[in-house]
Undergrad: 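Following this message is one structure expressed as C-alpha cells.
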Amino acid sequence: MNKNWPLWEVFIRSKNGLHHKHAGSLHAADAQMAMENARDVYTRRMEGVSLWVVESKHITASNPMESGELFEPAHDKVYRHPTFYPLPDEVKNI
Amino acid sequence: MKNIAELEAQFQAKVDAEIKIEPKEWMPEKYRKTLIRQISQHAHSEVVGMLPEGNWISRAPSLRRKVALLAKIQDEAGHGLYLYSAAETLGIERDELVQQLLDGTAKYSSIFNYPSLTWADIGAIGWLVDGAAIMNQVMLTRTSYGPYARAMVRICKEESFHQRQGYEILLTLCRGSEEQKAMAQDALNRWWWPSLMMFGPRDADSPHTAQSMKWKIKRKTNDELRQQFVDVTVPQADFLGITVPDPDLKWNEETNHYEFGEINWDEFWNVVKGNGPCNRQRLEARQAAYDKGAWVREAATAFAEKRAAVAV
Ligand SMILES: [Fe+2]
Ligand SMILES: [Fe+2]
C-alpha cells in the first residue's frame with residue numbers, strides 16, 4: 001500500500017466575480033478530507049469564498065519539452081492584435 | 001536530443017533572465033537535489049519549531065495570549081505543509097521526507113534544539129527566531145524555483161504577526177515589574193546567539209553558497225543576512241530597554257552597520273551534530289506523533305476505499 005494519501009490541488013475564489021485560482025496542494029484520503037484541510041490550511045485569513053479541490057492525477061499538464069511547438073506559433077501571428085492595424089489619428093472611437 | 005552542456009547553458013540563461021523554473025522543466029540534477037535538501041530542511045524546521053512553543057500553550061498567561069500563540073503555531077504547521085508540497089513537486093514523496101527527518105538524515109534548524117524555559121522565551125522566540133526566519137524568507141520570495149518562491153510569499157504574509165506578537169510579549173514584560181523585566185533580559189541572553197547562528201556558517205565556511213547564488217536559489221549570503229538582522233534588531237532591544245549579550249557590539253559610523261562579536265562555532269556544530277540540549281527530545285516527540293497517528297492514517301484510507309467501493 002502506498003503510504004501517502006493522494007495529492008489534491010486546491011483552488012480558491014477570493015471573491016465573487018473572480019476566477020478560482022490555484023493556491024497550492026495537500027494530501028487527503030478523500031474529497032471531503034481534502035476540502036476540510038484546504039479550508040484549514042488555505043483560508044484561515046479570509047482568503048476565499050469558494051474552494052475547489054481536484055485530485056492531482058486528474059490534471060493533464062502540457063509537457064514543458066513541447067512548449068516550443070505549442071506556444072511559439074502564436075509569436076508570428078501579430079495580426080491577431082489590434083496594434084497590427086494602424087489607423088490615422090483622426091479616426092475616433094475605434 | 002540536446003546534450004547536457006547545452007541544456008545547462010539554457011537553464012542558466014533562464015535563471016539569469018529572472019525566469020522562474022517550474023516543476024517538470026529540465027533542471028540540473030544538482031539543482032534539484034539542493035532544492036529538495038533545502039526545502040525539506042525548511043519544512044522540518046517549521047514542524048519541529050512548533051514543539052518549543054507548544055510547551056507553553058496550556059500555561060499562557062491570558063486568553064488573548066493563548067489564542068495568539070495557538071494561531072501562530074497553527075500557521076507554522078501550515079508553513080510546513082506548503083514547503084513539503086513545494087519539495088514534492090521535485091519528485092520526492094511526503095512519506096520519504098518524513099522518514100528522512102525521523103531517521104536523522106535530514107536536518108532542521110538547530111534553534112529548535114534549545115528549551116523554552118519561561119514565558120518570556122515565547123516572546124523572544126517570536127521576536128528573534130521568527131525575526132531571523134523572516135529575513136531569510138523575504139529573500140527566498142525571489143528564489144529561482146517557482147513553487148518555493150510562491151510558498152514563501154504565502155509564508156511571509158503570515159509571519160509578520162508572529163514577530164509582532166513576540167515583541168509585544170516582551171514589551172509588556174519590560175514595562176512590568178523588575179522580575180518581569182529580568183525574565184525578558186534572561187530570555188534575550190539565552191536566545192540572542194542561537195538566533196545569529198540560524199543564518200548558518202560564515203560565508204568562508206559555506207562551500208555551497210557560491211553555486212546557490214549562481215542558481216539564484218539564495219539571493220543573499222549567510223553573513224549578509226546575519227548583518228541585516230543585527231542591524232534591525234539591536235535598536236528593537238534598545239527600545240525594550242534590555243541589553244544584547246555581546247560586549248563587542250558597537251555601531252560603526254563609517255559602515256553604517258553594527259559590529260558584533262564572534263559566534264561560538266563549536267556550540268553551533270555541536271548542536272548540528274545532535275548534541276544540543278533538546279535534540280533527542282525533539283526527535284522523540286516527532287517519532288511519537290508519527291507512530292500515534294499511524295492508525296488514523298490507515299483508518300482514513302480504509303474508510304475512503306470503502307466509500308469509493310460503495311459509490312461504484
Ligand atoms: Fe513559519
Ligand atoms: Fe513563524
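These figures come from a predicted structure and were not determined experimentally. Just so we're on the same page: letters track the sequence lines, and every chain starts at 1.
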Undergrad: With distance as the sole test, does B/Tyr82 use its side chain to make a donor-acceptor pair with the main-chain N or O of A/Val41 at under 3.5 Å?
TA: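 Indeed, once roles are kept as given, a pair shorter than 3.5 Å links the two residues.
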
Undergrad: Can you find a pair of side-chain heavy atoms, one from A/Met65 and one from B/Trp26, that are under 4.5 Å apart?
TA: yes

Undergrad: Suppose a student defines contact as a heavy atom less than 4.5 Å from any heavy atom of chain B. Which residues in residues 42-55 of chain A would they list?
TA: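 Under the 4.5 Å heavy-atom cut-off, A/Tyr42, A/Arg44, A/Arg45, A/Glu47 qualify.
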
Undergrad: Return the minimal non-hydrogen interatomic distance between B/Pro23 and A/Pro64, and the atom names on each side.
TA: O-CG, 4.4 Å

Undergrad: Quick check on B/Phe303 against chain A: is it the side chain, the backbone, both or neither that has a heavy atom closer than 4.5 Å?
TA: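 Answer is side chain: those atoms of B/Phe303 sit under 4.5 Å from chain A.
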
Undergrad: Check this for me: A/His58, atom NE2, are more than 12 non-hydrogen atoms of other residues, nucleotides or ligands nearer than 6.0 Å?
TA: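 More than 12 within 6.0 Å, yes.
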
Undergrad: Are there more than 12 heavy atoms of other residues, nucleotides or ligands under 6.0 Å from atom CZ of A/Arg39?
TA: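 Atom CZ in A/Arg39 is not crowded, with 12 or fewer foreign heavy atoms closer than 6.0 Å.
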
Undergrad: In Å, rounded to the nearest 0.5 Å, how long is the span from CG of A/Asn4 to CD of B/Glu93?
TA: 4.5 Å

Undergrad: Could you pull out the closest heavy-atom pair between B/Val296 and A/Trp5, with the gap in Å?
TA: O-CZ2, 4.3 Å

Undergrad: Look at atom NZ of B/Lys306 and say whether more than 12 heavy atoms of other residues, nucleotides or ligands are closer to it than 6.0 Å.
TA: no

Undergrad: Could you tell me which of B/Glu22, B/Arg154, B/Lys24 has the largest number of non-hydrogen atom pairs under 4.5 Å with chain A?
TA: B/Arg154

Undergrad: Pick whichever of A/Ala29, A/Gly24, A/Pro6 has the most heavy-atom pairs under 4.5 Å with chain B.
TA: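 The candidate making the most pairs under 4.5 Å is A/Ala29.
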
Undergrad: Contact part of B/Arg150 toward chain A, heavy-atom cut-off under 4.5 Å: side chain, backbone, both or neither?
TA: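 Contact with chain A is absent: no heavy atom of B/Arg150 under 4.5 Å.
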
Undergrad: Quick check against the 3.5 Å criterion: does B/Ser85 have a side-chain atom that pairs as donor or acceptor with the backbone of A/Ser25?
TA: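 Between the backbone of A/Ser25 and the side chain of B/Ser85 there is a qualifying donor-acceptor contact (under 3.5 Å).
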
Undergrad: Could you look at B/Glu96 and say if it's the side chain, the backbone, both or neither that has a heavy atom under 4.5 Å from chain A?
TA: neither

